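Bear in mind the structure is a predicted one, so any value in this text is a computation, not a measurement.
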There are 2 protein chains.
Amino acid sequence: MPRKNFICGCYTERRNRYLEPSLLLLLWQKPAHGYDLLTSLEKMGFHESHPDPGAVYKKLRHMEEFNLVKSHWETTGGGPAKRLYRITKLGRNHLKNWVAVLQKRHAALENFLQQYTTLSDENQA
Amino acid sequence: MPRKNFICGCYTERRNRYLEPSLLLLLWQKPAHGYDLLTSLEKMGFHESHPDPGAVYKKLRHMEEFNLVKSHWETTGGGPAKRLYRITKLGRNHLKNWVAVLQKRHAALENFLQQYTTLSDENQA
DNA sequence: TACTGCTATATGATTTAATCATATAATAAG
DNA sequence: CTTATTATATGATTAAATCATATAGCAGTA
């Protein structure tokens with residue numbers, strides 16, 4: 001039986017938004033603090049709307065725990081103190097591993113979409 | 001501090017293996033039962049090794065609950081009874097929504113990999 | 001001064017998909 | 001009669017994603 005609220009699949013599924021590799025790439029491009037990264041992430045296209053700030057801050061701390069990034073407080077400049085993150089050598093290495101995974105993923109997606117298109121065309125003809 | 005067992009990122013992260021859209025596409029191509037789908041999924045390229053049978057059977061039941069697929073028992077033919085799944089009209093519709101999401105995802109991945117390559121080249125030169 | 005909005009970080013609770021570990025059973029092959 | 005293969009299934013655990021919320025500095029303005 002279908003439930004009242006349709007909560008199955010692409011809309012609600014805990015989707016992998018590639019937060020970790022995205023953050024690593026952005027931090028390789030340029031050291032930044034969490035708040036900056038929120039807007040940068042949005043432009044990367046893995047999020048439909050806004051990325052969740054809580055998720056981003058948590059992920060950054062988590063990555064620091066593993067020495068993928070490191071941070072220090074920045075008190076200079078206006079506004080509240082910022083925690084500036086930079087990527088580490090280990091982080092760059094780790095990103096490389098991510099990229100290998102994402103290349104496969106990209107290829108698999110391409111194949112998937114191709115198959116879908118083919119099937120779609122067949123059923124339309 | 002990094003933990004003893006490095007459990008961060010691309011190796012261990014609960015990755016989205018696109019189980020739901022994969023199953024829907026495969027079932028659109030051809031009705032099948034769970035055990036068949038295990039091998040078909042492997043060929044789709046979203047899994048590094050073997051897909052987890054438990055996950056597949058659960059997902060199929062879950063999708064049936066939402067009328068995306070329907071099943072019936074097949075007792076004819078050798079071997080233990082099989083539950084043969086077919087996609088429904090709702091399922092095909094739902095797959096279409098998935099595809100829209102995956103097209104965006106595909107584009108975002110392409111952009112990501114492009115940016116990585118650029119940065120990688122810069123740092124090598 | 002008080003209020004509002006923006007910048008900035010953070011954490012606790014909840015949800016749920018993914019994973020891990022098993023259990024069951026029919027049949028085919030040796 | 002034992003083992004491997006085919007086939008489905010479920011309970012427990014883990015961890016990521018999400019939701020809700022708290023804190024606080026500073027800028028502009030009414």
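Side-chain N/O atoms of R17(A) include none lying less than 4.0 angstrom from OP1 or OP2 on dA16(D). The side chain of R83(A) contributes an N or O atom lying less than 4.0 Å from OP1 or OP2 of dA10(C). Between dT8(D) and R61(B), no contact under 4.0 Å exists linking OP1 or OP2 to a side-chain N or O.
One atom, NZ of K58(B), and another, C1' of dA21(C), lie 10 Å apart when rounded to the nearest Å. A straight line from CD of E65(A) to P of dT11(C) spans 12 Å, rounded to a whole angstrom. Straight-line distance from the CD atom of E20(B) to the P atom of dA17(C): 9 Å, rounded to whole Å. Atom OH of Y57(A) and atom C1' of dT7(C) are 8 Å apart (whole Å). Across the protein-nucleic acid pair, M63(A) atom CE and dT9(C) atom P stand 14 Å apart, rounded to whole Å. One atom, OH of Y85(B), and another, C1' of dA7(D), lie 12 Å apart when rounded to the nearest Å. Per the geometry, NE2 belonging to H33(B) stands 17 Å off P belonging to dA26(C), to the nearest Å. Here dA9(D) presents its C1' atom at 14 Å from CD of E64(B), a figure rounded to the nearest Å.
Heavy-atom distances under 4.0 Å link DNA chain C to no residue of residues 34-46 of chain B.
Of the residues near DNA chain D, G54(B) and A55(A), the one whose nearest nucleotide (by heavy atom distance) lies more toward the 5' end is G54(B).
Taking the six-membered ring wherever Trp is involved, the centroid distance between the rings of W28(B) and Y116(A) falls below 6.0 Å.
H50(B) places none of its side-chain heavy atoms less than 4.5 Å from the side chain of L41(B). Using a 4.5 Å heavy-atom threshold, the side chains of Q29(B) and Q115(A) count as touching. Using a 4.5 Å heavy-atom cutoff, the side chains of L60(A) and L37(A) are in contact.
In the set dA13(C), dT8(D), dC20(C), the nucleotide with an atom closest to the side chain of W73(B) is dT8(D).
Looking at T117(B), T118(B), N111(B) one by one, the single match for side chain to side chain donor-acceptor pair (under 3.5 Å) with Q114(B) turns out to be T118(B). Across R86(A), E64(A), R61(A), a single residue satisfies side chain to side chain donor-acceptor pair (under 3.5 Å) together with S71(A), and that is E64(A).
Expressed to the nearest 0.5 Å, how far OH of Y57(A) lies from OH of Y35(A) amounts to 7.5 Å.
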